[in-house]
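Excluded from the calculations below are hydrogen atoms, water molecules and symmetry mates; all remaining heavy atoms, backbone and side chain alike, are included. Just so you know, residue 1 is the first one in the sequence shown, and it goes up from there. These numbers were taken from a predicted model, which means no experiment stands behind them.
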Amino acid sequence: MAIPTIPAKTILSAYQEHGWLGMNYNINLYRGCCHGCIYCDSRSDCYGTEDFDTVRVKADALAILEQELRARRRTGTVMLGAMSDPYNPHEKQLEVTRGALKLFARYGYGVSLVTKSALVTRDIDVLRDIAEHAPAAVSLTITAAEDDLCRKIEPHVNPSSARFAALAALSSAGIRAGVTLMPLLPFISDSEENMLAIVNRAHACGAQWIHAYGGFGVTLRQNQRAYFLTQAERLFPGVRRRYEETYGYRYQCGIPDQARIWKSFSAACQRLGIPYKSGDVGRLITEGYGDGQMRLF
């Protein structure tokens, strides 16, 4: 069945000198996501994505992107995956993300991918091409060490074991790769045991960083709150009451005993020599890339 399309006038965001983790540009080639993660912030009303679980591809995305890449006076590092996973199941046939990577390689841009899909290993060859002149980095989001828990909170995407295997494959191929360890869900996946298991296994698979921005926990707002609490209660009976009593309508829902868990996390990363602070991770991803590269036409 053909994937629906949505119109797009632009693909590439405006240039930022010091963006998120050192990124200069951001793109989303798809809208919506079918991974089914119960906690996804992209469901929030503020993003205006109707029927979020249905993936749509932006019409003529690669043609528009190529025009924009050629027209920009500054190259830079582009982030994919901030709002919609660039490796949803449709990407296997459509190869829109792969096409974008080829354009980055052609026009001298770097890339930082955030994904939960092992399909990213398909594009190791193009990532290597990019890495010859610019950063080529992949962050695999892993929030549960065991597949049983992963399949509950992230039901329609590769389980954690497949993501760890993808991490190992990327690292073995010489691609900069690490883990995004967020969110840890209060009363669900926030145990020290789960956190340390992720850290240790990520290290064994060659992770060059483990990023947990702002500590641990989950953000809840607008319709995303209702969706999350409904799904969480279905999967973990009694947890809704704990959220309501502990957080009320708070946006930032930090895990209980957060200070101790964070101390344990940082100590483990330091012991293993893995960067985990945002600034260090950003520098590692963009290391060796000339600041403010110019291309004049």
Side-chain angles (χ1 to χ4, degrees), residues 3 5-31 55-88 90-115 117-140 166 169-178 208 282-297:
I3 181 176
T5 62
I6 56 172
K9 294 181 179 180
T10 64
I11 298 294
L12 196 65
S13 70
Y15 181 89
Q16 296 184 66
E17 187 69 41
H18 301 290
W20 170 256
L21 293 181
M23 299 303 104
N24 306 116
Y25 295 103
N26 180 60
I27 69 171
N28 286 285
L29 301 164
Y30 295 93
R31 177 170 292 182
V55 177
R56 288 140 288 180
V57 63
K58 294 183 178 180
D60 302 316
L62 295 182
I64 297 170
L65 178 61
E66 182 167 19
Q67 291 176 354
E68 293 177 325
L69 293 176
R70 294 181 63 184
R72 295 300 168 95
R73 298 170 72 107
R74 276 185 161 183
T75 59
T77 305
V78 185
M79 174 171 278
L80 288 84
M83 288 290 297
S84 179
D85 197 312
Y87 289 99
N88 63 71
H90 302 287
E91 169 61 21
K92 187 172 184 179
Q93 285 75 40
L94 296 179
E95 296 193 355
V96 179
T97 297
R98 182 174 175 83
L101 295 180
K102 289 181 177 179
L103 291 175
F104 298 148
R106 183 183 307 167
Y107 292 104
Y109 287 74
V111 66
S112 179
L113 293 159
V114 182
T115 183
S117 174
L119 182 58
V120 65
T121 58
R122 176 200 65 185
D123 294 335
I124 285 176
D125 59 332
V126 190
L127 291 169
R128 279 175 162 167
D129 290 341
I130 295 172
E132 291 181 0
H133 56 75
V138 178
S139 290
L140 286 147
L170 290 161
S171 298
S172 296
I175 303 299
R176 301 180 193 182
Q208 296 182 41
R283 282 188 290 272
L284 180 58
I285 289 174
T286 59
E287 184 179 25
Y289 198 32
D291 186 28
Q293 293 188 39
M294 302 294 291
R295 177 157 31 77
L296 302 179
F297 291 89

Once side chain to side chain contact (heavy atoms under 4.5 Å, CB included) is applied, do any residues pair with [X], and if so which ones, sequence neighbours excluded?
| X | value |
| --- | --- |
| Asn28 | Asn26, Lys58, Met83, Ser84 |
| Ser117 | Tyr87, Thr115, Leu119, Asn158 |
| Glu95 | Glu91, Arg98, Arg122 |
| Gln208 | Arg176, Leu284 |

Quick check: does any side chain N or O of [X] sit under 3.5 Å from a backbone N or O of [Y], one acting as donor and the other as acceptor?
| X | Y | answer |
| --- | --- | --- |
| Asn24 | Thr77 | yes |
| Arg128 | Ala173 | yes |
| Thr121 | Ala118 | yes |

Minimum side-chain heavy-atom gap [X]-[Y] below 4.5 Å:
| X | Y | answer |
| --- | --- | --- |
| Tyr15 | Arg73 | no |
| Asp129 | Leu127 | no |
| Leu29 | Val57 | no |
| Arg31 | Val55 | no |
| Tyr109 | Leu69 | yes |

Minimum heavy-atom separation for [X] to [Y], with atom names?
| X | Y | value |
| --- | --- | --- |
| Ile175 | Ala136 | CG2-O, 3.6 Å |
| Gly108 | Ala134 | O-CB, 4.4 Å |
| Thr97 | Pro86 | OG1-O, 2.6 Å |
| Leu65 | Ala100 | CD2-CB, 3.7 Å |
| Ala59 | Thr5 | CB-CB, 4.3 Å |
| Phe104 | His133 | O-CE1, 3.8 Å |

Exercise. Could you tell me whether Glu17 and Arg74 make a salt bridge, using a distance below 4.0 angstrom between a side-chain N and a carboxylate O?
Key: yes
Quiz prompt | Contacts of Arg56 that satisfy side chain to side chain donor-acceptor pair (under 3.5 Å) - sequence neighbours left out | solution = none
Exercise. Please identify each residue that fulfils side chain to side chain donor-acceptor pair (under 3.5 Å) with Ser139, with sequence neighbours left out.
Key: Trp209
Quiz item: Going through the checks in order, is the side chain to side chain contact (heavy atoms under 4.5 Å, CB included) test met by Met23 and Thr286?
Solution: CA-CA 8 Å; Met23 299 303 104; Thr286 59; 3.9 Å; yes
Practice problem: Output the distance between atom NZ (Lys102) and atom CG (Asp123), rounded to the nearest 0.5 Å. | Solution: 8.5 Å
Quiz item: Rounded to the nearest 0.5 Å, what separation is found between the CD1 atom of Ile124 and the CG atom of Leu170?
Solution: 5.0 Å
Self-check item: Option passing side-chain contact (heavy atoms from CB on, under 4.5 Å) with Tyr25 (candidates Leu12, Leu80, Ile11)
Solution: Leu12
Quiz prompt | Residue pair Tyr107, Arg72: steps toward the side chain to side chain contact (heavy atoms under 4.5 Å, CB included) verdict | solution = CA-CA 10 Å; Tyr107 292 104; Arg72 295 300 168 95; over 6 Å; no
